[in-house]
Structure formats: structure tokens, C-alpha cells
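In this text the structure is predicted, and so the values were computed from the model without any measurement. Numbers here simply count residues along the sequence, with the first being 1.
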Amino acid sequence: LGFIAVPAGKIANKIGNSQAMLIGLLTTTFFLQVLVLNNINSIIFLILIAIICGFSLILNGAIPFVLNLVPQQDSGLGIGTYFCGFGIAISLFEFIFAKLGETNLEIGSIASTIAFLFAFLLIAISSQIPNPR
């Protein structure tokens, strides 16, 4: 993710952060499904590179996305809320999947796809909200 961060940032600057995140969400979701359905071991590396590129677009744009949604005087609150949600998601993930026991690639892919599509929907809706800055 670190190696692709700078190119992902340049792409986000060129096409817009929200657009880059939406493309990243679709790319990551698509290639997660390709990874599950793939029977050819020789292209797994290329699929993983595509997932990393898409996920980097998502991660690179998260904090600027949050800062764009809140008024400037509330930027600390926006970032705090982002990291709070991130921490809750990590905690819930560990709690839920510990109860389920061992997870396989298919279950992880389906759960990730649902989460990414939900994030896609929320980002798409948020682009309709006027910028408070």
C-alpha cells in the first residue's frame, strides 16, 4: 500500500477524491470476486496488485473525504469521528469473526464486498451534500 500511495494520490488530485474513492471501491470489490472465482494460480499476483491499487485509492482519500464533509471549525471532530468509526469496525470485526471461527476466502470476500458496496453508496450519496467549506 505504501508504494502505490503517491500514484494513488496523484490520481485522486486529477479526477477528484470522491471519484477516486468510488473507483477504488469498485476496483477492490471486483477483484476480490475475481480472486475467489479464479482457478488460475499464475495470475493471483496480478489480482492482488489490482486489489492493492484499488484499496490504496480508498485509504488515501479517507481523511480528505472526511475533511471535505465537515466545516473547517469542526475538522478535529470529523477526524476524531473517522478514527472512532475505524476503531469500532476493527473491534467488531475481531468480535464477529472470532465467534464464527475460522473464516475462508469466500466468506471474507462476501463480507468485504457488502461493506465496500455500502461505503460506495454512502460516498455517492455524500457527493450530493453541499460542501460546508
Side-chain angles (χ1 to χ4, degrees):
L1 287 171
F3 290 117
I4 197 70
V6 172
K10 289 184 180 194
I11 291 169
N13 269 343
K14 213 174 247 190
I15 65 173
N17 190 47
S18 292
Q19 289 294 94
M21 288 180 69
L22 292 173
I23 291 169
L25 285 161
L26 289 177
T27 302
T28 304
T29 302
F30 175 76
F31 282 104
L32 276 173
Q33 298 310 309
V34 170
L35 184 64
V36 170
L37 299 173
N38 177 39
N39 293 347
I40 308 167
N41 289 335
S42 61
I43 64 169
I44 287 177
F45 181 74
L46 297 174
I47 295 169
L48 292 175
I49 294 296
I51 291 171
I52 289 169
C53 291
F55 197 62
S56 185
L57 286 171
I58 301 166
L59 289 180
N60 258 11
I63 291 176
F65 175 74
V66 169
L67 289 175
N68 199 33
L69 286 178
V70 297
Q72 192 167 0
Q73 66 269 17
D74 294 334
S75 59
L77 176 65
I79 296 300
T81 303
Y82 165 76
F83 282 113
C84 177
F86 193 78
I88 289 170
I90 290 172
S91 297
L92 286 176
F93 181 86
E94 299 239 347
F95 176 76
I96 291 169
F97 284 102
K99 299 285 184 199
L100 293 175
E102 187 90 16
T103 55
N104 57 23
L105 182 61
E106 290 81 14
I107 291 172
S109 176
I110 291 168
S112 298
T113 298
I114 291 168
F116 286 141
L117 291 177
F118 185 65
F120 181 91
L121 178 69
L122 293 177
I123 291 170
I125 290 170
S126 73
S127 65
Q128 307 302 317
I129 299 171
N131 188 343
R133 292 186 176 242

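Tracing side-chain contacts under 4.5 Å through hydrophobic residues (I, L, V, M, F, W, Y), one never reaches F31 starting from I114; they form parts of separate clusters. Using a 4.5 Å cut-off between side-chain heavy atoms of Ile, Leu, Val, Met, Phe, Trp and Tyr, with links allowed through other members, L57 and L35 fall into different hydrophobic clusters. A continuous path of Ile, Leu, Val, Met, Phe, Trp and Tyr side chains, each step under 4.5 Å between heavy atoms, connects L25 with L48, placing both in one hydrophobic cluster. In this structure, I63 is a member of the same hydrophobic cluster as I90, with clusters built from ILVMFWY side-chain heavy atoms closer than 4.5 Å. Cluster annotation: L26 is connected to V36 through the hydrophobic network of ILVMFWY side chains, with a link wherever side-chain heavy atoms come within less than 4.5 Å.
Considering all non-hydrogen atoms of both residues, A8 and S56 come closest at CB-OG, 3.6 Å.
Using a 4.5 Å heavy-atom cutoff, the side chains of V66 and L69 are not in contact. Looking at heavy atoms from C-beta onward, I43 lies out of side-chain contact with V34 at the 4.5 angstrom threshold. For the pair K14/I11, no side-chain contact is recorded, criterion being any heavy-atom separation below 4.5 Å from C-beta on. Using a 4.5 Å cut-off on side-chain heavy atoms (C-beta onward), I125 and L121 make contact. For the pair L32 and F116, the minimum side-chain heavy-atom distance is below 4.5 Å. Counting only heavy atoms from C-beta outward, the side chains of N17 and N68 never approach each other to under 4.5 Å. Between I58 and T28, some side-chain heavy-atom pair lies under the 4.5 Å cut-off.
Taken from CD1 in I51 to OG1 in T29, the straight-line distance is 9.5 Å, to the nearest 0.5 Å. Between the CD1 atom in I15 and the CE atom in M21 there is a gap of 11.5 Å [rounded to 0.5 Å]. Between the SG atom of C84 and the CG atom of L77 there is a distance of 10.5 Å, given to the nearest 0.5 Å. Taken from CZ in F118 to CD1 in I123, the straight-line distance is 11.0 Å, to the nearest 0.5 Å.
Under a 3.5 Å cut-off, the side chain of T113 and the backbone N or O of S109 do form a donor-acceptor pair.
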